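Below is one structure; the comments refer to it alone.
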Amino acid sequence: MARYLISRAAETLLTLFLVALATFLLMHTVPGGPFDRLVVEQGVSPDFVQRQTAYYGLDDPLPIQFARYLGHLVQGDLGLSFQRQGLSVTDLLADKFKPSLLLGTMSFAIVFAIGIPVGVISAVRRNTAVDYASRGLGTTLAAVPSFVLAFILLLVFAVWLEWFPVRMGKGFGDSLASLGNGIVPALALGAPATALLSRLTRSAMLEVLDQDYVRTARSKGLGTGTVYLRHALRNALIPILTLTGPLFAGLVTGSIIIESIFGLPGIGAAYISSVTARDYGMIMGTTMLFATVIVVANFLVDLAYPLVDPRIRIS
Amino acid sequence: MTTAITHRPWLLLALLISAVMFVAVGCSASDDPTSTPGPNGDDPTASATGTETPAPDLTEEQSLRVSLPGEPSSLDPQRAADADSIAVVRQLYAGLLRIDENQVIQPDLAASIPTVENGGISEDGLTYTFTLKDDLKWSDGEPLVAQAFVDGVKRLFEPGAGAPYADFYRVIAAGGAQDAFAQAVADELEGDDLRPFEQAIFDGLEVTAPDDLTVVYQLNAQSPIFTTLATLWPLYPVRQDVIDAAGDTWTEPATHVSNGPFALTDWNHDEDLTLGKNEYSHRNPMLDTISIDIIPDAAVAFLAYQEGELDIARLGPEELVQVRGTDLVDQFVSYAQLSTKGLYFNHEDPTLADLNVRRALAAAVDRDEYAGVVREGAVLPAYAWVPPGMPGHDPTAGTQYQQDLDQARAWLADAGFPGGEGLEIEIMGPDDSVTAQRNEWLQQQWETNLGITVTIRALERGAAFSALFGGEFQVSSAGWFGDYPDPENWLPIFQTDHGLNLGNYDSEEFNSLVAAAETELDHDTRLDLYVQAQQILIDDLAVAPLYYEARQALIQPWVQGLTPSSMESSIPGDLFLDRVSIQGRSS
């Protein structure tokens, strides 16, 4: 176990280093710098661009800039944001990640709370009206672009029913009560994943339900619930568990579409705007954060396999 | 459990279907062509003060709820560079002078406008002395003294990262030090090597506060626009003690201190800002609070406005269409902005270096069609670069390039491309929807009317700016938005050596006219020089003006005293929000 952890840690560091290197190179290969926008859009003097470039060391050779970045990174310093003058990337990330993490977690819970039961019922009642309905809805949800779905939900819940304000995301995460306003955005965010998960659960269950041991369990006279939930579902969960890591990472790293429609200031919108603004510090910081979330989520999933399937051992 | 699951999806599906139908009905209802809200082009400072009869009494809660399209990058007056920051900084600060709704300079914190007659300007025109009004205070109640203005200017010229608009104020710093700096840049010194030169400019500043009520600016050359420059945000005073104590995060609400009609009470980044009435302000605004929601998506702001969550909403092209034929027309305003969009030609491109090619391109497009049909009246056709409403606007400039297809084809033939044969032009621009639509329209006009081949190179925003800045384009479109109402802000950017001369235009005659105007103190002579300079600019087609921007917004009937302006920043009426009151809004 200890050896496993050490080798995983080494793998993780290597992965993060490669992500940092690739992002850094790509970011500097793309034309345009952080201050061009001010010149072209705001008529700011090009002298200012030159001074800023020198001040932030952006005129140094790339290897030197990268080494400097890594040097600061290992000390936990992610640098300063260009777009939001004077603020540290660490503070900005903390500020932006919190609502996305909360919303993503809510969404994750909704995805599992709906996706798995619907998938199980679809499989158990295969080729009935229930199955067709849930599959039809699943296909619809997977096919409708999230901005369309988000606007429809906004219309229904904020404009017609008036259960929520139009800007549901406003103040989200500031208080326990504000979390209630996150339900609709969380639904919109999780809709495609819910559809995917229910389909995956359905097909995994169907496969398992045809297995001999399920037939054996049935013939032994075990109750339906015990057969489906303890014997069938538990084995069907293994492929689903593999999906969990990337799914969680995908949900908590935010969506610019959901965030901008519901007015929720999360990391997705911040990431996109940092790319547009060539805010190098924020681009690197956000990418590193995302990479870490994905690596950690996958690691936790690996640790969880033995809990579902005792045949799997970590070594 | 089974029933619950089977019912819920159907319910949702039913909701989805009816929602789609609602959207469809909404679209067809707004397609009514009979009532087109047209822009109020004749009067650039059209004032909208609500169209319904206002209730006589003030609503108890004097709060204005507006939106901003983006997060302000800084609320530090010397660092604010983008329109969203400037819109807020204007509420938080006040300067020595102020431009009123008729674009006339008025005293604000200064007791009077300095002139040679009142002794405010020295005989040689190089020393400006401002006397402050008595008893000015900061939002924390501390007295505001003249040194705060000196501190502000110093921050503008601090060595290091630099301030975005320091360039406006080159006339304040010592001339010799600046020449040395320019020479150092020309000698390709970079980074730390430039520091001593920056330091020399800083040390050479001659701005002093001989007593608490007097601030003196020593200029290095006569400047006809210094009083105009004194109205702008980079010269606003600052609290150096607060900045020293709090560091770069002094602009957070806990530490921010300002001297304008409002003070910063709350700022949730990327979410909202709340400004409260500054009890110590000399202006005494009627509003108690301004709450500013940051809403990047215009469709969401429009929805929030319709739900009564916002008092003012700016309209994008999509929202404009939806206003038509609805009751919202009564709350609709459209007013010109001091902003010109034009075709930028790269004068170093061998094809476009030929004046006849540029002439053919300029005269082949129907600007009325673009403004009236493509943009449905949201912009106004332009021929002159300096827009209407600006001193130095010449309505006759550029009219020789009104659409004339015979003339355009003749010019094209003169350039060696009869019938457009063999001429290929590439338009470069960012990939946003308005630019894409404009470039496709240009492509269609030029291909149809001139028979030339036109390709479009759409780049991601940052890449497009970089290409424009680096001169990597043939034809592009770019705009200019007035920072202050003076042609000095509009024409020098086309001087050969100017950093913003994106198309590398090069005309000795133009350069010398602009240079002469920059130091000419006689108002009429000066404007005449600029009119002449613009004539050359347009005759040469350094740039081909296409249209003047206008702004469309919805204003709730209970908002009283809102004064939209052609010079405003991101929020409609943001130059004069201290006059706004709320009358007759329920709850």
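Note that the structure is predicted; figures quoted are calculated from it, not measured.
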Where on Leu468(B) is there a heavy atom nearer than 4.5 Å to chain A: the side chain, the backbone, both, or neither? side chain

Leu92(A) versus chain B, the contacting section by heavy-atom distance below 4.5 Å: neither

Measure Phe151(A) against the heavy atoms of chain B and call it side chain, backbone, both or neither at under 4.5 Å. side chain

Using non-hydrogen atoms only, which part of Ala478(B) is less than 4.5 Å away from chain A: side chain, backbone, both, or neither? neither

Proximity breakdown for Ala467(B) and chain A, heavy-atom pairs closer than 4.5 Å: neither

If you count heavy-atom pairs within less than 4.5 Å of chain A, which of Ile493(B), Leu303(B), Thr251(B), Thr249(B) leads? Leu303(B)

Under a 4.5 Å heavy-atom cutoff, which of Ile294(B), Asn489(B), Asp483(B), Asp76(B) has the most pairs with chain A? Ile294(B)

Mind checking whether Trp233(B) and Tyr165(B) have parallel, tilted or perpendicular rings, split at 30° and 60°? perpendicular

Which atoms of Asp272(B) approach chain A - backbone, side chain, both or neither, heavy atom under 4.5 Å: side chain

Measuring heavy-atom distances to chain B, does Pro34(A) have an atom under 4.5 Å in its side chain, in its backbone, in both, or in neither? neither

Using a distance-only test with no angle check, is there a side-chain donor-acceptor pair under 3.5 angstrom linking Asp131(A) and Ser122(A)? yes

Phe168(B) and Tyr484(B) aromatic centres sub-6.0 Å: yes

Going by an N to O cut-off under 4.0 Å, is there a salt bridge joining Arg195(B) and Glu198(B)? yes

Region of Ala158(A) that comes under 4.5 Å of a non-hydrogen atom in chain B: backbone

